Amino acid sequence: MAAPAQLVTSYLSSFAGGDPDVIAGFVSEGFRNEHLSALGTGSVGRAEYRRRLPDFLASFADRSYTVDDLVEQRRDAVSAEMFDVVVRYRFAATFDGHRIEIPGVMWFGVRHQLIASRVDAWDALTFLQQTGRR
C-alpha cells in the first residue's frame, strides 16, 4: 500500500509517460479536478477527466512536473484512509513551440489509495508571458 505522498508523486510522474489511461488510473471514480487559475478548467468524474487528457497531453509536449516541496497530513484522526497532500511544483513543457516552466501549487485529497480531488493553482500570467500571448 503506497503512502499518499508516494501516490501523488507517482501520479505527477505519470504525465511524462503520456498515457491517459495510466494517469486516470490514479484518480477515483468521482474525482473532482478544480483549477483556480483563470486559464484552467475543472472537471468532475474519472471518465470526464480521462476524456480531456489526450488534448492536454498533445498540447504540452515533453511535459514534466518537478516537486519543489510536499506536505502530507492525515485529515481525520479517526480514519487512516483520508489524507491531504500539498505539492509546490514546477510544470515544464513545450507549448506551441515555446518552452515553458510554470510554478504552481496542488492540493490533493487522497482517499482509499486513490486521488479523490485536486485543486490546482498555477501562474497563468507566467504562462501567457512565456508563450508570447502577453
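All of these numbers come straight from a predicted model, not from anything done at the bench.
- When side chains are defined from C-beta on, Tyr49 counts as touching Arg118, because their heavy atoms get closer than 4.5 Å.
- Within the 6.0 Å centre-distance limit, the rings of Phe91 and Phe60 are counted as a close aromatic pair.
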Show, in sequence, the C-alpha distance, side-chain angles and deciding distance for Leu128 and Leu39, and conclude whether the side-chain contact (heavy atoms from CB on, under 4.5 Å) test is met. CA-CA 10 Å; Leu128 292 172; Leu39 299 177; 3.8 Å; yes

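- Remark: the backbone N or O of Phe83 is paired with a side-chain donor or acceptor of Arg111 at under 3.5 angstrom.
- In this structure a side-chain-to-backbone donor-acceptor pair under 3.5 Å is missing from Gln130 to His98.
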Between Val110 and Val8, does the side-chain contact (heavy atoms from CB on, under 4.5 Å) criterion hold? Intermediate values first, please. CA-CA 8 Å; Val110 177; Val8 166; 4.0 Å; yes

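- Remark: Leu12 CG to Ser14 OG distance equals 7.5 Å, nearest 0.5 Å.
- Taking the side chain as every heavy atom from C-beta outward, Asp120 and Tyr89 approach each other to under 4.5 Å.
- Under the 4.5 Å side-chain criterion, counting only non-hydrogen atoms from C-beta, Phe15 is in contact with Leu53.
- Between the side chain of Ser37 and the main chain of Trp122, a donor-acceptor pair closer than 3.5 Å is present.
- The minimum heavy-atom distance linking Val105 with Arg88 is given by the pair CG2-CG, 4.2 Å.
- Using a 4.5 Å heavy-atom threshold, the side chains of His35 and Thr41 count as separate.
- In terms of hydrophobic clustering, with Ile, Leu, Val, Met, Phe, Trp and Tyr side chains grouped at heavy-atom distances under 4.5 Å, Met106 and Leu57 are assigned to a common cluster.
- Atom CZ of Arg133 has more than 12 heavy atoms from other residues, nucleotides or ligands within 6.0 Å.
- Checked by atom type and distance alone, the side chain of Glu48 never pairs as donor or acceptor with a backbone atom of Ser43 at under 3.5 Å.
- Val86 has its side chain out of reach of Gln73: every pair of non-hydrogen atoms, C-beta onward, lies at least 4.5 Å apart.
- Under the 4.5 Å side-chain heavy-atom criterion for grouping Ile, Leu, Val, Met, Phe, Trp and Tyr, Ile100 is connected to Phe56 within one hydrophobic cluster.
- The shortest non-hydrogen separation linking Ala93 to Arg99 is C-NH1, 2.9 Å.
- Residues Tyr65 and Val22 share a single hydrophobic cluster, defined by chaining ILVMFWY side chains whose heavy atoms lie under 4.5 Å apart.
- At a threshold of 4.5 Å between non-hydrogen side-chain atoms, the residues Tyr11 and Ile23 count as touching.
- In this structure, Val85 and Ala5 approach most closely via the heavy-atom pair CG2-N, 4.0 Å.
- A donor-acceptor pair is defined here as one N or O able to donate and one able to accept, closer than 3.5 Å; such a pair exists between the side chain of Arg46 and the backbone of Val27.
- Residues Arg52 and Asn33 fail the side-chain proximity criterion, which asks for heavy atoms closer than 4.5 Å.
- Not one N or O on the side chain of Arg63 forms a donor-acceptor pair closer than 3.5 Å with the backbone of Ala92.
- Note that CZ of Phe108 and CZ of Phe31 are 7.5 Å apart. Values are rounded to the nearest 0.5 Å.
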Give the intermediate values and the outcome of side-chain contact (heavy atoms from CB on, under 4.5 Å) for residues Thr66 and Glu101. CA-CA 10 Å; Thr66 300; Glu101 187 171 303; over 6 Å; no

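- The heavy-atom pair separating Asp84 from Gly109 by the smallest distance is OD1-CA, 4.1 Å.
- When all heavy atoms of Asp123 and Ile102 are compared, the closest pair comes out as O-CG2, 3.6 Å.
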